[in-house]
Amino acid sequence: MKAVIPAAGFGTRFLPATKAQPKEMLPVFDKPTIQYVIEEAVSSGIDDILIVTGKNKRSIEDHFDKSFELEHILKTTGKDNPLKQVREITDLAEICYIRQKKQEGLGDAIYCARKHVGDEPFAVMLGDTITKGETPCTKQLIDIYNKYNASSIALEEVPLEKVERYGIIKGNEIEKDVYKIDKLVEKPSINDAPSNLAIMGRYVLTPDIFNKIKETKPGVGGEVQLTDALSKLDVIYGSIFEGKTYDIGNRLDWLKTSIEFALDNDESRDELLNYLKEII
Ligand code: G1P
């Protein structure tokens, strides 16, 4: 299966940090955000990845490209561990790039992938969420896709006051934590939200989504919304992700995630704990 990672947005929620660098390259602890997403794809069995980019996104390509000069310096100075890490990044997966020429929304970004994807089901992975689970989130969705033979999206229960940030669904629970969806609403107000089950940024979609996107008019924010196109599919399932999601779409949650990942790391845990105690 192929994966599509949209990465063309301006990153306005992270300005000024994202004025001249892509938000996908902001590090969470010690790695750029997009690397976590690609590692999830790879551990889900995906090795063909299309990143939909835009202006000012060259550093994403550089990050996954081979750097002969850097490798040479690390090798000749005996820095074996960094050398290994740098080489692993390059060998992660086959990554292709396409540019979204006008920023017309998530739906439009996915539409840019239609030729690369062809007539096969494919995964969509958004960079605003990092996931940790015994079974990777996208792999869980691939399993649901294989079981029901229809598009499937990952869900997460969110507090009601946060529904306005997400696509929200309504559906019938057909087995534990799996819903047959009958309604999807992009960024509803608290009063209009049909539930608190949010679309969390991982999808496995059948290729008929491309025709549905084509038929979709701009929605919330004047953008072509993927959620609106998903509403047009005949059948779609949602499955609550079994694991932990880290929403890094805003500054504070991004910072919390970095702290949690640093506390998970043997080398930094004790020193960081002491520092946190000290400043608190
Ligand atoms: C997008 C989707 C939304 C989803 C969210 C998850 O919104 O349109 O349905 O719930 O990602 O992060 P965005 O965060 O790009 O505004």
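Numbering of ligands and ligand atoms starts at 1, following listing order.
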For this session: Show your working on side chain to side chain contact (heavy atoms under 4.5 Å, CB included) between L226 and Y203 and close with a plain yes or no.
Result: CA-CA 10 Å; L226 180 61; Y203 315 71; 3.7 Å; yes
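Shown in contact with L106 at under 4.0 Å from a heavy atom are these atoms of ligand 1, numbered in order with element: 2 (C), 8 (O).
Looking at K57, its side chain never comes within 3.5 Å of a backbone N or O of R99 through a donor-acceptor pair.
In this structure, atom 9 (O) of ligand 1 lies nearest to the protein heavy atom E186 OE1, 2.7 Å. Protein heavy atom at the shortest distance from atom 10 (O) of ligand 1 is I199 O, 2.6 Å. Taking atom 1 (C) of ligand 1 as the reference point, the nearest protein heavy-atom neighbour is L126 CD1, 3.8 Å.
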List the atom pairs, with distances to 0.1 Å, where a side-chain N or O of residues 180-191 and a protein N or O form a donor-acceptor pair under 3.5 Å, not counting sequence neighbours.
| residue | atom | partner | partner atom | Å |
| --- | --- | --- | --- | --- |
| E186 | OE1 | T227 | OG1 | 2.5 |
| S189 | OG | D192 | N | 3.3 |
| S189 | OG | D192 | OD2 | 3.3 |

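Residue contacts with ligand 1: K187 is placed with a nitrogen or oxygen under 3.5 Å of a nitrogen or oxygen of the ligand (distance criterion only). Backbone and side-chain nitrogen or oxygen atoms of Y166 are examined, and none is located within less than 3.5 angstrom of a nitrogen or oxygen of ligand 1.
When only modelled atom types and interatomic distance are considered, Q140 and T135 share no side-chain donor-acceptor pair under 3.5 Å. In the model, E156 has a side-chain atom that pairs as donor or acceptor with a side-chain atom of T245 under 3.5 Å.
Ligand 1 is approached by R13 to a heavy-atom distance shorter than 4.0 Å. Within the structure, the closest approach of L226 to ligand 1 does not fall below 4.0 Å when heavy atoms are considered.
With a 4.0 Å heavy-atom cut-off, ligand 1 is reached by no atom of D247.
Connectivity analysis of hydrophobic side chains (ILVMFWY, heavy atoms under 4.5 Å, direct or indirect) links Y97 to M1, I5, M25, I34, V37, I38, V42, I46, I49, I51, I60, F64, I89, L92, I95, M125, L141, I142, Y145, V204.
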